[in-house]
Amino acid sequence: MSPLFQAAQGGFLDLFPEGAELTRLAGDFTWTEGPCWIPARGCVVFSDVRQDRTWRWTPGSGLAEEMNPSRHQNGHCLDAQGRLVACSHGDRAVLRQEEDGRWTTLASEWQGQRLNSPNDVALSPDGSLWFSDPTYGIDKPEEGYGGEMELPGRYVFRIAPDGTLSCPITDRHKPNGLAFRSANELLLSDTGDQAATHLYRIDGDRAEHQGGFFQVDQGKTDGLRVDADGRIWSSAGDGVHVFSPQGEELGRILLPETAANLCFGGADGTELFITASTGLYHLPTRVRGW
Ligand code: MG
């Protein structure tokens, strides 16, 4: 289908090849999330959080089941060695997949109390992994295996390259999607009542709030990504909103359903994969993920 673009500034359409087609690669899911392109396997892995499964889509061969049950995995990223890292609502943990396919637990508790339900994870240029820990996976029976909140809040944690866990961000209501745009700048969406995406200045395992950075006016920002030129690609209630590095809206890719997350991938890193409610969408671009 022809993509529905809504430009807010000149030049927005130049981000896409002429005649770019928006494709619904697969559908019939319940709540898709956590897309991650895995270069070594040439596929995108994503979650259907509520269906308790993960799936992969491979150019040429299409859709296949990845894990069933997935223990309600949600967000994914690659670590500095290219291994898949997963947020598991069901295990209330962040896990890493080893070469033999088995999962190693990287974080499951903080100061003796279980994590809530890790939601999304991002790799920092310094090799650390940062993840958000809201309570959706224990509050919503369809998104996990239930349980009580043990921690006093909903935080963002950092797993250092040596495995040490720290808790740099404690001032958000419902921290969710994360994206680094440099070694010392982190964008973090908050899907609480005052939904917005915030900017933090990062120094090692310290994070300093710089204020709200942008806010989508349709739904909320859940997952987000940064491209190689510093633009921010945010999920939203009506699709994907693209912002300049300064946080001004450049335009939108309108979708018929709510987008929860997205990633860049494909052989050259320019293809956009969007997890939007019941579907996985694909759109070629002329930019590359950072
Ligand atoms: Mg999320």
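All ligand and atom numbering here is 1-based and tracks the order in the structure. Atoms considered below: every heavy atom in the structure, side chains included; atoms not considered: hydrogens, waters and symmetry mates.
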Tell me whether the Mg ion (ligand 1) has [X] as a neighbour, meaning an N, O or S atom of it below 2.8 Å.
X      : value
Asn176 : yes
Asp222 : yes
Asn261 : no

Sequence neighbours excluded - ring-ring contact (aromatic ring centres under 6.0 Å, His included) pairs with any residue from residues 120-148: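 Qualifying pairs: His72-Tyr145, Trp130-Phe180, Phe131-Phe157.
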
Basic-acidic side-chain contact under 4.0 Å: Asp126, Arg158: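 Yes, charged N to carboxylate O under 4.0 Å.
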
Glu33 atom (N/O/S) at minimal separation from the Mg ion (ligand 1):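 Of all N, O or S atoms in Glu33, the Mg ion (ligand 1) lies closest to OE2.
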
Could you give the side-chain donor-acceptor pairs of residues 4-22 under 3.5 Å, partners two or more places apart or in another chain?
{"unit_1": "Gln9", "atom_1": "NE2", "unit_2": "Glu249", "atom_2": "O", "d": "3.4"}
{"unit_1": "Glu21", "atom_1": "OE1", "unit_2": "Met1", "atom_2": "N", "d": "3.1"}

Non-hydrogen side-chain atoms of Glu150 and Glu109 separated by less than 4.5 Å: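 Result no, sub-4.5 Å side-chain heavy-atom pair not found.
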
